[in-house]
Amino acid sequence: MRRNARVGALREKSGLSKRMKGYTLTSFKPYVSPAAARAVEKVQGYLKEWDENRSAGRGLYFVGDVGTGKTHLAVAVMNELIARKRVPALFVTVPELLDNMRGTYNNPGRNIDEWMDSVKNADLLLLDDLGAERANDWVRERIFVIVNHRYREELPTIFTSNTGPKDLAAQLGERTASRIISMCDWISLEGEDYREAEVRRGL
Ligand SMILES: Nc1ncnc2c1ncn2[C@@H]1O[C@H](COP(=O)(O)OP(=O)(O)OP(=O)(O)O)[C@@H](O)[C@H]1O
Ligand SMILES: [Mg+2]
């Protein structure tokens, strides 16, 4: 069917790995912690208001400790919007993005410009693991360029990070932090590391 073919094509271009295609709202258990239940509610609210969020360039910022479901829920939002609203969405991990950018200096043949252009202009961008990288001036500047572009163009961005709002400015600089704070609704996840808990349950 044409509609399914379109969704398939969007998924192909989304940058989502095989594992992440299974990160959906249905596969996310809201009862693991009160924070997870609240997060699911917020996500559902965000999806319900998608048209307004899209036109205002409003995104989400998932913050919390390792293994609390940030990437899962963020990708679930993306999967929902691809499937239900045919949104051309792009998933990128920040450390990988920075690695690729660094690569251009040794590797001028690679078409990083085209890729950067799609990162800057994706209808919906998921930047996973923001702040995982130790930030130096170069890193800060690269992230600022992307965030500032999306801020100016009012394009929604979803972030996942271990860094909370207080530490964001120290890590990325005030200009970037202030834009992210004004663009995003914050969703905080806490509780135990689901990966570890899963291993324990298996024992
Ligand atoms: N509430 C949940 N229900 C079902 N699966 C979950 C839940 N929370 C986490 N998981 C699963 O646990 C694993 C870790 O979750 P995820 O990758 O989303 O964590 P994270 O918060 O992004 O961690 P990190 O900070 O290390 O990136 C994934 O396989 C995810 O599917
Ligand atoms: Mg993650």
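When a ligand or atom number is given, it counts from 1 through the structure's own listing order.
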Using a 3.5 Å cut-off and no angle test, enumerate the donor-acceptor pairs between side-chain atoms of residues 49-60 and protein atoms at least two apart in sequence or in another chain.
| residue | atom | partner | partner atom | Å |
| --- | --- | --- | --- | --- |
| N53 | ND2 | Y46 | O | 3.0 |
| N53 | ND2 | E49 | O | 3.3 |
| R54 | NH2 | D123 | OD2 | 2.5 |
| S55 | OG | D51 | O | 3.4 |
| S55 | OG | E52 | O | 3.3 |
| R58 | NE | D185 | OD1 | 3.2 |
| R58 | NH1 | S182 | O | 3.4 |
| R58 | NH2 | C184 | O | 3.3 |
| R58 | NH2 | D185 | OD1 | 2.9 |

(message) At less than 2.8 Å, would any N/O/S atom of T71, backbone or side chain, sit next to the Mg ion (ligand 2)?
(response) yes
(request) Mark yes or no for whether T93, through its side chain, and D128, through its backbone, hold a donor-acceptor pair below 3.5 Å. (result) no
(message) I'd like to know if the side chain of S14 and the backbone of A89 have a donor-acceptor N/O pair within less than 3.5 Å.
(response) no
(message) Tell me if a side-chain donor or acceptor on E174 pairs with a main-chain N or O of A169 at a distance below 3.5 Å.
(response) no
Can you give me a line-by-line list of nitrogen or oxygen pairs between ligand 1 and the protein shorter than 3.5 Å?
| residue | atom | partner | partner atom | Å |
| --- | --- | --- | --- | --- |
| ligand 1 | 1 (N) | K29 | O | 2.9 |
| ligand 1 | 3 (N) | K29 | N | 2.7 |
| ligand 1 | 17 (O) | R195 | NH2 | 3.0 |
| ligand 1 | 18 (O) | K70 | N | 3.4 |
| ligand 1 | 18 (O) | T71 | N | 3.2 |
| ligand 1 | 18 (O) | H72 | N | 2.8 |
| ligand 1 | 19 (O) | G69 | N | 3.3 |
| ligand 1 | 21 (O) | T68 | N | 3.2 |
| ligand 1 | 21 (O) | G69 | N | 3.1 |
| ligand 1 | 21 (O) | K70 | N | 2.9 |
| ligand 1 | 21 (O) | K70 | NZ | 2.7 |
| ligand 1 | 22 (O) | T71 | N | 2.9 |
| ligand 1 | 22 (O) | T71 | OG1 | 2.8 |
| ligand 1 | 23 (O) | G67 | N | 2.9 |
| ligand 1 | 23 (O) | R195 | NH2 | 3.4 |
| ligand 1 | 25 (O) | K70 | NZ | 2.7 |
| ligand 1 | 25 (O) | N162 | ND2 | 3.3 |
| ligand 1 | 26 (O) | R195 | NH1 | 3.2 |
| ligand 1 | 26 (O) | R195 | NH2 | 3.3 |
| ligand 1 | 29 (O) | Y23 | OH | 3.3 |
| ligand 1 | 31 (O) | H72 | ND1 | 2.6 |

(request) Indicate yes or no for a side-chain donor-acceptor contact from T176 to the backbone of G173 under 3.5 Å, with no hydrogens or angles considered. (result) no
(request) Could you tell me whether the side chain of R142 and the main chain of L98 form a donor-acceptor pair under 3.5 Å? (result) no
